[in-house]
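What you see is a predicted model; the values in this text were computed from it and never measured. Whatever order the structure lists them in is the order used to number ligands and atoms, beginning at 1.
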Amino acid sequence: MPESLAEIEAALAGCRLCPLAQTRTNIVFGVGNPHAEVLFVGEAPGKQEDLGAEPFIGAAGKYLNSLLALAGLKREEIYIANVLKCRPPGNRDPLPAEIEACTPYLRRQVRAIAPMVIVTLGRFATHFILKTEVGITQLRGRVHITGPFSVLPIFHPAAAIYDRSKEPLMEADFKLLGRLITQRRAEMAARQDS
Ligand code: URA
């Protein structure tokens, strides 16, 4: 039996593995359906998330919620976690040492949830999950297979809020996500029948 999300969250409590422990208000573990078919991985908590202890509750989260409908998803059926569980001061980029210290928790979350699809939001999540340095612009909009997971890299919602020309691509990618989920469900059903 893989460990439960509750066990992983208990292991994370009071974490002091990196200096972000000194500046955070709250650890932001992740939220959602523990048996989600789709796991969304973001970058790191922002100001609202640091205060509210929940991922994607600020402006980027509101935009993300509006996009989920295009994939036929409701927020309560997915799981959302971040590469970093604590906010980098001023929302600066995560540092390599912070990613190294924090991502064992994310790896454990992936194992516990065992999703069929992982949606990586932005370059830090995409680089960590796909183990590549290729730019997000080249990777987005296509399904990548890694182990048992279908991975769909998408621009970070905050990047699309900042640069509105990305909105049509975001919408296209969430529609692709809807088709991917339908296809993966059909594959799973066929496997169970055989
Ligand atoms: N941006 C992220 O990457 N994660 C959050 O939780 C909020 C904003």
Side-chain angles (χ1 to χ4, degrees), residues 5 8-9 12-13 15 17-21 23-34 36 38-68 71 73-110 112-113 115 117-130 132-133 135-137 139-140 151-164 166-167 169-171 173-174 177:
L5 287 171
I8 304 164
E9 189 166 11
L12 181 61
C15 178
L17 289 180
C18 87
L20 295 181
T23 50
R24 72 176 176 232
T25 310
N26 285 296
I27 293 175
V28 181
F29 176 66
V31 72
N33 176 358
V38 188
L39 167 64
F40 282 73
V41 181
E43 180 177 313
K47 187 172 182 193
Q48 297 306 321
E49 292 77 18
D50 174 62
L51 293 172
E54 200 177 302
F56 284 101
I57 52 173
K62 291 200 174 71
Y63 181 43
L64 177 63
N65 290 348
S66 75
L67 289 164
L68 288 175
L73 290 169
K74 295 196 188 71
R75 177 126 173 176
E76 56 272 22
E77 66 188 305
I78 63 168
Y79 195 92
I80 311 186
N82 283 309
V83 170
L84 295 190
K85 308 303 189 216
C86 297
R87 181 189 183 209
N91 298 348
R92 63 154 169 74
D93 285 350
L95 300 176
E98 292 161 356
I99 294 173
E100 196 182 325
C102 204
T103 44
Y105 295 118
L106 177 60
R107 244 183 247 122
R108 288 160 71 177
Q109 286 174 300
V110 171
I113 298 163
V117 175
I118 302 178
V119 179
T120 54
L121 299 170
R123 101 181 128 108
F124 288 96
T126 302
H127 288 176
F128 175 70
I129 296 289
L130 289 181
T132 176
E133 289 298 312
I136 180 75
T137 306
L139 295 169
R140 63 144 284 280
V151 178
L152 184 61
I154 290 182
F155 286 129
H156 194 287
I161 291 174
Y162 178 75
D163 171 8
R164 292 274 167 190
K166 291 191 168 70
E167 271 182 18
L169 298 177
M170 294 296 277
E171 289 168 16
D173 289 353
F174 274 79
L177 173 61

What atoms of ligand 1 come closer than 4.0 angstrom to any heavy atom of [X]?
| X | answer |
| --- | --- |
| G42 | 3 (O) |
| P55 | 6 (O) |
| E43 | 2 (C), 3 (O) |

[X] side chain to [Y] main-chain N or O, any donor-acceptor pair under 3.5 Å?
| X | Y | answer |
| --- | --- | --- |
| Q48 | A59 | no |
| D50 | P45 | no |
| N33 | E76 | no |

Exercise for the section: Report yes or no: does a heavy atom of A44 sit under 4.0 Å from some atom of ligand 1? Expected result: yes
Exercise for the section: Check whether any heavy atom of H156 sits under 4.0 Å from an atom of ligand 1. Expected result: yes
Exercise for the section: Report the residues that fulfil side-chain hydrogen bond (donor to acceptor under 3.5 Å, both in side chains) with R107, sequence neighbours left out, ordered by chain and then residue number. Expected result: none
Exercise for the section: Decide whether an N or O pair under 3.5 Å exists between N82 and ligand 1. Expected result: yes
Problem - Note: D93-R123 ion pair, threshold 4.0 Å (strictly below) - result: yes
